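Down below is the structure, laid out as structure tokens.
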Amino acid sequence: MKSIPTTGFKTAFEEDVYKGLTSHPKYLLSKYIYDEKGDKLFQQIMDMPEYYLTNCELGILQEYTAPIAKSFNAAGGFDLIELGAGDGKKTKVLLEHLNEQNYDFSYLPVDISEHVLKVLEASVRKEIPGIDIKPQQGTYFKTLESLADFSKRKKVILVLGSNIGNLLHENAIEFLRNIQQAMAPEDMLFMGFDQKKNPQKILDAYNDPHGITEAFNKNLLVRINYELGGEFNPDTFKHWETYDPETGTAKSFLVSKLDQEVFIEAFNLKVHFDAWESIHTEISQKYDEKVVEWLAGEAGLKIETRFADSEDCYRNYIFRKK
Ligand code: AVJ
């Protein structure tokens, strides 16, 4: 049934897809949703009214711009390092204020995609001329390591969008610990965490009536077709979202509507799906204060301040080294 490759895989994508689709239960990793098409779909998700996260965080940044900016400041100025900047819509609220108030700082957006950085740099330069922007292409950790000795200034590390929510707690701790290790005692981490809330609101955000989240989730199949010679028919899969209010975990699945075999050329393999068999594709973790405190503590960080939106849907935390 399976043809186990005797030689190595060409890419991590190939290897991870093979592992996920030959496991039981099946899974695919959400990080692979983000090719060029996936990036565009995520952009559309952030613009939907149902995806409350964007506006909640934007609201916090708008309401508390001045105190946030003040907390970033230090005698010798500071470097603002953003992991996963995207289109910078939210960050620009802070950048504009920091620029107007003549704070002494550099903005260092970090991303794996050179393209994302180019677009961001151009829009920042156009909208906020005079800003000192130094894009850093690379993985978060490689870049954080090199930035640790990049300058003697205070580092403020920014992670917006509740991006940590795609990680299981164990991996979230590892992520936070990696950041913690790159921090000097005076440095700080400013990070967004989507909070537990009415479960219906969460389900609506990840199961929108426009079908954008469905297309985003199914982009995994489309990408396998495109890059690995897969023969998935995305219409034969149903996008399914669950939310467990106890653990705070929202999960996305693709469920096969029929018993089928899907050929994938790169593996010379037919993957069998029973009718209603699932592929787990993503988690979007929701947090409460206790869990944030615990994750931070495990990573050697402590909460210094928190900012919440008026409905307490979302919180941005400032962490320091313990
Ligand atoms: C980018 C991980 C924050 O989980 O809310 C949006 C990705 N998935 N809709 C999230 C996503 C489905 C998003 N993060």
Side-chain angles (χ1 to χ4, degrees), residues 27-61 82-91 109-113 116 120 140 158-169 171-172 174-176 190-223 234 237-244 247-255 279-287 291-292 295 309 313-317:
Y27 67 89
L28 290 167
L29 301 179
S30 62
K31 64 177 177 186
Y32 294 120
I33 298 173
Y34 301 90
D35 61 0
E36 209 170 306
K37 190 161 168 245
D39 286 343
K40 281 202 187 110
L41 286 163
F42 183 56
Q43 210 59 51
Q44 284 174 261
I45 285 175
M46 287 194 293
D47 290 337
M48 317 187 296
E50 292 83 5
Y51 194 71
Y52 59 85
L53 288 82
T54 316
N55 283 332
C56 288
E57 191 168 47
L58 192 61
I60 293 170
L61 297 176
E82 181 166 25
L83 306 184
D87 68 348
K89 181 179 166 190
K90 289 172 286 191
T91 317
V110 178
D111 209 288
I112 312 180
S113 160
V116 163
L120 176 67
Y140 293 173
L158 208 60
V159 188
L160 301 181
S162 202
N163 284 339
I164 193 171
N166 275 165
L167 304 178
L168 294 168
H169 288 326
N171 301 327
E174 196 187 314
F175 177 59
L176 290 169
F190 184 86
M191 198 158 171
F193 287 78
D194 193 19
Q195 302 287 306
K196 288 182 175 173
K197 59 180 61 61
N198 184 335
Q200 192 60 55
K201 187 165 170 159
I202 294 170
L203 285 178
D204 291 347
Y206 293 93
N207 190 23
D208 68 272
H210 325 285
I212 301 170
T213 309
E214 177 182 347
F216 175 78
N217 197 10
K218 288 185 179 178
N219 193 47
L220 282 164
L221 306 183
V222 174
R223 185 168 178 187
F237 286 83
K238 190 174 173 62
H239 169 71
W240 191 255
E241 191 71 25
T242 66
Y243 175 66
D244 179 342
T247 60
T249 310
K251 280 188 177 184
S252 302
F253 298 91
L254 291 168
V255 185
I279 312 173
H280 170 51
T281 54
E282 189 181 33
I283 73 159
S284 298
Q285 184 64 37
K286 308 306 164 199
Y287 302 88
V291 171
V292 174
L295 293 171
D309 63 298
C313 273
Y314 194 98
R315 293 186 184 182
N316 286 88
Y317 292 83

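In what follows, residues are counted from 1 in the order of the sequence shown. All ligand and atom numbering here is 1-based and tracks the order in the structure. These numbers come from a predicted model, not from an experiment. Note that these values count all heavy atoms, side chains included, but never hydrogens, waters or copies made by symmetry.
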Legend entry - Modelled atom types, side-chain donor and acceptor of D194 and Y52, under 3.5 Å: yes
Inset, instruction - For the residue pair F193 and Y317, categorise the inter-ring angle as parallel (less than 30°), tilted (30 to 60°) or perpendicular (more than 60°). - result: perpendicular
Legend entry - N or O contact, T213 vs ligand 1, cut-off under 3.5 Å: no
Legend entry - Heteroatom distance test (S162, ligand 1): nitrogen or oxygen, under 3.5 angstrom: no
Inset, instruction - Say whether K286, considering both its backbone and side-chain N or O atoms, lies within less than 3.5 Å of an N or O atom on ligand 1. - result: no
Legend entry - Atoms of ligand 1 close to G161 [distance to a heavy atom under 4.0 angstrom, numbered from 1]: 3 (C)
Inset, instruction - Fit a plane to each ring of Y34 and F42, take the angle between them on a 0 to 90° scale, and name the class: parallel (under 30°), tilted (30 to 60°) or perpendicular (over 60°). - result: perpendicular
Legend entry - Residue F42 vicinity, atoms of ligand 1 by number, heavy atom under 4.0 Å: 1 (C), 6 (C), 7 (C), 13 (C)
Inset, instruction - Go through ligand 1 atom by atom and flag the ones less than 4.0 Å from a non-hydrogen atom of N166. - result: 2 (C), 4 (O)
Inset, instruction - May I ask you to check if ligand 1 and Y34 share an N or O to N or O distance below 3.5 Å? - result: no
Inset, instruction - For the pair N166 (side chain) and I283 (backbone), establish whether a donor and an acceptor sit closer than 3.5 Å, ignoring hydrogens and angles. - result: yes
Inset, instruction - Identify the protein heavy atom lying closest to atom 11 (C) of ligand 1, giving its residue, its atom name and the separation to 0.1 Å. - result: E282 OE2, 3.6 Å
Inset, instruction - For atom 10 (C) of ligand 1, find the nearest protein heavy atom and state the residue, atom name and distance (0.1 Å precision). - result: Y51 OH, 3.2 Å
